[in-house]
Amino acid sequence: MNLKCKRTDLIEAVNIVEKAVPVKTTLPIMEGIYLEAKDDCFHLVGNNMDLGLECVIPAEVKEKGMVVVKANLFSVAVKKLPDFEEDVYLEVDDKEQIKIACGNAKFDFATASAEDFPLLPLVEDENCFEIKETYLKNMVRQTVYAISTKEDKPVLTGVYFDISDGTIHVVGCDGYRVAIRKEEIDTDKEIKFILPGKNAKELLSIIGDSEDYIQISLSKNNVKMSLKNCTFVSRIIDGEYLNYKSVADHKNNLVIEVETKKILNSIDRAAMIVSESAKSYVLLNIEDDSVFINCESVMGKVNDKFSVNMIGEPMQIAFNPRYLIDAFKNVDDETVKFSFSTPVTPTVISPVEGDRFTYIVLPVRMK
């Protein structure tokens, strides 16, 4: 293998594929990054059998070839290349040593045979749809925070994708809250899958905010997302997801409109004295176009108040403050609508206009 590529391209590719390199594994070959030079392109692959990432960057290929390099050594070396030089030269010699050169900096590392490396699983492009990169990023960001961290219900540890009737719903749920994000897309396909939460978070660190389209393809066990120069392949979680649409059905006895930043800051202040171990909560007393926030714990008391637009009967209702803070931090709208039924039934947070997102949270039963 013998090639030349741009240092910035190489660093970007390594930053991506190393996210799929396992920290611990019984197969030493998987601690490496697969490198292949062919057809004026340089391919880099990381794979932990749960998530696989491949990046392809332009290169001047003098000699084709493929090897596996130790990920931690290769990553550190690439990131420490001198920034006053743009071209990086990579060559594998007769002793299967990889030589990396950039300016006056040179590295030599041992390599392993590429034949033993598990490449990304094949996912055909038949069962697929396209979505704008910025849509996908926002939809995952605004739902992944609500997934469960408990393994007793595996389906709730992932982000659910539900595509039907030209609409995509992305859902996160942990049993106490549900986050639903919706967009219209140009497809007549019906596709459903659950993306593991850990991999969904890695996806967020890879995709950007462009208007480019990402193709998403599904097989029995895996989902593939094809970006501009990167391929993301993840296993999917097997199981039946909850009926989130029925959860979203709601009778409104009280509706308020409130500035997102105002309520976020107020609840954040109250949460300063909340202890998870003591199961403290924030109490919202809603009356006379005002919300009075009260929080009391062994550490002290916090009281706050702000104005809202209110329609309906007064109500007192309590919440785990973290659930509300997570929601409001991920809402892009300046103003949101709070819809209440009773103090012991789920509350809905949604846009003032439209239904791009729906956040449902269970209140806390007050002692």
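All residue numbers refer to positions in the sequence shown, counting from 1.
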Taking the side chain as every heavy atom from C-beta outward, state whether [X] and [Y] have any pair of such atoms under 4.5 Å apart.
X: T143; Y: I180; answer: no
X: M1; Y: V67; answer: yes
X: E63; Y: V61; answer: no
X: Y135; Y: I168; answer: no
X: E12; Y: V14; answer: no
X: T157; Y: T149; answer: no
X: I98; Y: L90; answer: yes
X: V258; Y: F306; answer: yes

### Query
If you look only at pairs with a residue in residues 184-196, which of them pass as a salt bridge (Lys or Arg N to Asp or Glu O under 4.0 Å), with sequence neighbours excluded?
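Pairs touching residues 184-196 that pass the test: D162-K192.
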
### Summary
Contacts satisfying salt bridge (Lys or Arg N to Asp or Glu O under 4.0 Å) that involve residues 217-228 (not counting sequence neighbours) are D125-K224, D212-K228

### Query
Can you name the residues that form a side chain to side chain donor-acceptor pair (under 3.5 Å) with E91, not counting sequence neighbours?
none

Tell me whether [X] at atom [atom1] has more than 12 heavy atoms from other residues, nucleotides or ligands lying less than 6.0 Å away.
X: D87; atom1: CG; value: yes
X: L119; atom1: CG; value: yes
X: D40; atom1: CG; value: yes
X: Y241; atom1: OH; value: yes
X: K198; atom1: NZ; value: no
X: D152; atom1: CG; value: yes

### Task
Sorted by first residue and then second, give each ring pair (Phe, Tyr, Trp, His ring centres under 6.0 Å) pair with at least one member in residues 53-84; sequence neighbours left out.
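Every candidate ring pair (Phe, Tyr, Trp, His ring centres under 6.0 Å) pair involving residues 53-84 fails, so no pair, neighbours aside, qualifies.
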
### Sequence neighbours excluded - ring pair (Phe, Tyr, Trp, His ring centres under 6.0 Å) pairs with any residue from residues 3-59
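Passing the test, one end in residues 3-59: Y34-F117.
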
### Message
Against L53, only a single residue in T231, N48, V21, I206 fulfils side chain to side chain contact (heavy atoms under 4.5 Å, CB included); can you say which?
### Response
I206

### Query
Mind checking whether Y244 and Y160 have parallel, tilted or perpendicular rings, split at 30° and 60°?
perpendicular

Under 4.5 Å between side-chain heavy atoms, counting indirect links through other Ile/Leu/Val/Met/Phe/Trp/Tyr residues: same cluster for [X] and [Y] or not?
X: Y359; Y: I263; result: yes
X: V56; Y: L44; result: no
X: V78; Y: F109; result: yes
X: V170; Y: I349; result: no
X: V76; Y: F107; result: no

Would you confirm whether [X], through its side chain, and [Y], through its main-chain N or O, come within 3.5 Å as a donor-acceptor pair?
X: N47; Y: M49; answer: yes
X: D288; Y: S290; answer: no
X: D268; Y: L264; answer: no
X: D174; Y: S148; answer: no
X: T260; Y: D333; answer: yes
X: S205; Y: E202; answer: yes

For the pair [X] and [Y], find out whether any cationic side-chain nitrogen is under 4.0 Å from an anionic carboxylate oxygen.
X: K6; Y: E86; answer: no
X: R181; Y: E183; answer: yes
X: E18; Y: K79; answer: yes
X: K329; Y: D326; answer: no
X: D83; Y: R7; answer: no

Any side-chain donor near an acceptor of the partner, [X] and [Y], under 3.5 Å:
X: S234; Y: N199; value: yes
X: S210; Y: E133; value: yes
X: D289; Y: S307; value: no
X: Q97; Y: T111; value: no

### Query
Looking at F340 versus F338, is the centre-to-centre ring distance below 6.0 Å?
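Ring-ring flag for F340/F338: true, centres closer than 6.0 Å.
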
### Task
May I have the step-by-step check of side chain to side chain donor-acceptor pair (under 3.5 Å) for Q142 and D332, ending in yes or no?
CA-CA 9 Å; Q142 293 176 327; D332 295 331; 3.1 Å; yes

### Query
Between T345 and S341, which heavy-atom pair has the shortest distance, and what is it?
OG1-CB, 3.4 Å

### Query
Looking at V233 and P121, what are the two nearest heavy atoms and their distance?
CG1-CG, 3.6 Å

### Task
Mind checking salt bridge (Lys or Arg N to Asp or Glu O under 4.0 Å) for D39 and listing every partner two or more places apart, or none if nothing turns up?
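Checked D39 against salt bridge (Lys or Arg N to Asp or Glu O under 4.0 Å); matches are K64.
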
### Query
Can you list the steps and then say if K132 with E211 is a salt bridge (charged side-chain N to carboxylate O under 4.0 Å, His left out)?
CA-CA 6 Å; K132 286 184 178 180; E211 296 294 312; 2.9 Å; yes

